Amino acid sequence: SFVTTTESYWIIGPAASVALGAGILLDRSAAVWRRTVIGVLGVGATYAIAAALFLTLPESSQARVFFAAPVLRGPFASGVYVFPPLAAGVQAQASADHDAVILTDRYETAAELRWYGVDSRIVVALPQQAQWMRWHAGAPVPQHALLITFAAPLDADPALAHAVTAAFEHVKALPDVTFSYAGKKQDVYYMVQLDGPRPGAATIIPGL
């Protein structure tokens, strides 16, 4: 998290555990070490607070800052704003296709969609897939589905592309969706329309 943008919930648990041990160690350390560590942490806390406050500015204000100082795009731009329009767009597309069941290739995508009220199923073998499948236990194989992939189209993953083709009779790539915020391009999502599951589709794609 010190070198790349990440979601805060990824580090809350580890950070809390490290904080306890660090607090005990600092309490037993010399004063010079306590001042040094607190100073370093103070700098990090200042940046975190500044970044959080920056995101409260109107989109137009953020865009003006980025235009005037492009170097600030890296440390202050956030892609969190793509998720509300992504959820709305995915839901609209699924509704237009016979209330298609939404499928995702990432836990992060599924979790963000769920936060905004859009349910989905994870169809790629991930550590979180087993628990996610329990929440959908007993659900029938969808007759119509909408697969959402992040950052790369379906054919960039040959294994998933082959499984999808084997599991569904009709596979149609839809136009990709690119999101921007405050004048900065954020993320690209790709949608694939799937219709007509073949026999054994649930075996071919666990998670259906």
Side-chain angles (χ1 to χ4, degrees), residues 1-59 61-62 65-66 69-88 90-91 102-137 139 148-152 157 179-182 184-189 206-207:
S1 63
F2 292 109
V3 296
T4 185
T5 301
T6 184
E7 298 291 346
S8 59
Y9 60 82
W10 292 357
I11 62 172
I12 288 176
S17 298
V18 171
L20 292 173
I24 295 171
L25 182 62
L26 283 176
D27 184 63
R28 299 172 178 173
S29 301
V32 63
W33 283 108
R34 288 198 294 272
R35 287 194 293 269
T36 300
V37 171
I38 291 174
V40 172
L41 293 177
V43 172
T46 300
Y47 163 70
I49 293 171
L53 291 177
F54 181 80
L55 295 179
T56 66
L57 295 175
E59 181 180 357
S61 298
Q62 294 185 42
V65 171
F66 292 149
V71 69
L72 295 179
R73 291 181 181 273
F76 286 103
S78 173
V80 69
Y81 299 102
V82 309
F83 297 118
L86 173 65
V90 166
Q91 185 64 70
I102 298 168
L103 312 177
T104 62
D105 68 332
R106 295 189 179 217
Y107 171 74
E108 292 82 1
T109 305
E112 293 290 354
L113 289 178
R114 192 69 191 90
W115 175 259
Y116 289 101
V118 179
D119 192 26
S120 64
R121 305 182 194 178
I122 299 174
V123 293
V124 174
L126 300 172
Q128 302 90 348
Q129 188 190 42
Q131 178 63 58
W132 202 270
M133 288 174 63
R134 291 179 184 176
W135 294 334
H136 298 87
I148 313 301
T149 62
F150 171 67
D157 185 342
F179 294 98
S180 297
Y181 186 83
K184 177 179 173 58
K185 180 180 176 181
Q186 300 289 348
D187 296 324
V188 181
Y189 289 84

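This is a predicted model, so every value here is computed, not measured. Numbers here simply count residues along the sequence, with the first being 1.
- Y81 approaches S78 most closely through the heavy-atom pair CD1-O, 3.6 Å.
- The closest donor-acceptor contact from the side chain of E112 to the backbone of L86 lies at 3.5 Å or more, if one exists at all.
- Rounding to the nearest 0.5 Å gives a distance of 7.0 Å between CG of D27 and CZ of R34.
- For the atom pair CG of D187 and OH of Y181, the computed distance is 14.5 Å after rounding to the nearest 0.5 Å.
- Smallest separation of non-hydrogen atoms from K184 and A77: CD-CB, 3.4 Å.
- Residues F76 and V65 have side chains not in contact (no heavy-atom distance under 4.5 Å, counting atoms from C-beta outward).
- Residue pairs meeting the side chain to side chain donor-acceptor pair (under 3.5 Å) criterion with at least one member in residues 113-124, sequence neighbours excluded, are D119-H136.
- The CG atom of L113 sits 6.5 Å away from the CD1 atom of I102 when rounded to the nearest 0.5 Å.
- When all heavy atoms of Y107 and L126 are compared, the closest pair comes out as N-CD1, 3.6 Å.
- Contact detail for T149 and D105: the closest heavy-atom pair is CA-OD1, 3.5 Å.
- Minimum heavy-atom separation, A110 to T104: CB-OG1, 3.5 Å.
- Taking CD of Q128 as the start and CD of E108 as the end, the distance is 6.5 Å to the nearest 0.5 Å.
- Under a 3.5 Å cut-off, the side chain of Q186 and the backbone N or O of F179 do not form any donor-acceptor pair.
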Identify all side-chain donor-acceptor contacts of residues 35-58 below 3.5 Å with residues at least two apart in sequence or on another chain.
from : atom 1 : to  : atom 2 : distance (Å)
T36  : OG1    : V32 : O      : 2.8
T46  : OG1    : G42 : O      : 2.8
Y47  : OH     : P75 : O      : 2.6
T56  : OG1    : L53 : O      : 2.5

